[in-house]
Amino acid sequence: EGIGCEFGQKAKEIISAVIRELTEQGKNEVRPGDVAEKLRTSNSPIGVWQIRADFAQLTDEGFLELEHKSGSWRLA
């Protein structure tokens, strides 16, 4: 609980918003590095380890699907 939990939830919200934005821009498959790059260019960096963990959680929640062959994710 506490600050770590709040940051984790906020990071997940930011990451899911970036994934939606990338998808709307025509990117059908995303990787954690795509999100990290987008956040860096907007001066809001989040570590790739956090992004990867949130990708796993978003997959468990049904927001994302992992494409095993390509190793990328797409909106579910």
Side-chain angles (χ1 to χ4, degrees):
E1 300 283 342
I3 278 190
C5 185
E6 289 175 23
F7 173 77
Q9 183 61 33
K10 181 72 172 162
K12 191 170 77 170
E13 291 171 12
I14 292 168
I15 290 165
S16 59
V18 170
I19 292 168
R20 276 194 204 96
E21 184 180 339
L22 289 170
T23 302
E24 288 168 3
Q25 293 171 352
K27 194 161 182 61
N28 294 326
E29 296 182 344
V30 294
R31 291 192 165 101
D34 300 327
V35 174
E37 182 179 340
K38 181 81 171 168
L39 291 170
R40 263 194 311 275
T41 60
S42 67
N43 239 359
S44 305
I46 295 177
V48 174
W49 61 269
Q50 175 70 49
I51 295 169
R52 177 60 187 90
D54 287 337
F55 267 54
Q57 192 171 2
L58 290 166
T59 301
D60 289 345
E61 293 172 4
F63 179 78
L64 292 176
E65 291 179 349
L66 174 60
E67 294 294 321
H68 293 282
K69 283 187 178 183
S70 64
S72 59
W73 284 260
R74 62 182 170 90
L75 290 177

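Not measured: the values here are computed from a predicted model.
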Can you name the closest pair of heavy atoms from [X] and [Y] and give their distance?
| X | Y | result |
| --- | --- | --- |
| K38 | V18 | CG-CG1, 3.7 Å |
| A76 | G62 | CB-O, 3.0 Å |
| I15 | Q50 | CD1-O, 4.4 Å |
| I51 | I46 | CD1-O, 3.5 Å |
| R31 | S72 | CG-CB, 3.8 Å |
| V48 | A36 | CG2-CB, 3.8 Å |

Gap between atom CG of N28 and atom CG of L22 - 0.5 Å precision =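 That separation rounds to 11.0 Å.
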Distance (rounded to the nearest 0.5 Å) between E13 CD and L58 CG =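 If I round to the nearest 0.5 Å, the distance is 10.5 Å.
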Check ion pair E65-R74 (N to O, under 4.0 angstrom) |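 So E65 pairs with R74 through a salt bridge.
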E29, CD: over 12 other non-hydrogen atoms inside 6.0 angstrom |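 For E29, atom CD is crowded (more than 12 foreign heavy atoms under 6.0 Å).
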So, do F63 and I19 sit near enough that their side-chain heavy atoms are less than 4.5 Å apart?
->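 Result yes, sub-4.5 Å side-chain heavy-atom pair found.
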Is there side-chain contact between F55 and V30, with at least one heavy-atom pair below 4.5 Å?
->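 Yes; the side chains approach each other to less than 4.5 Å.
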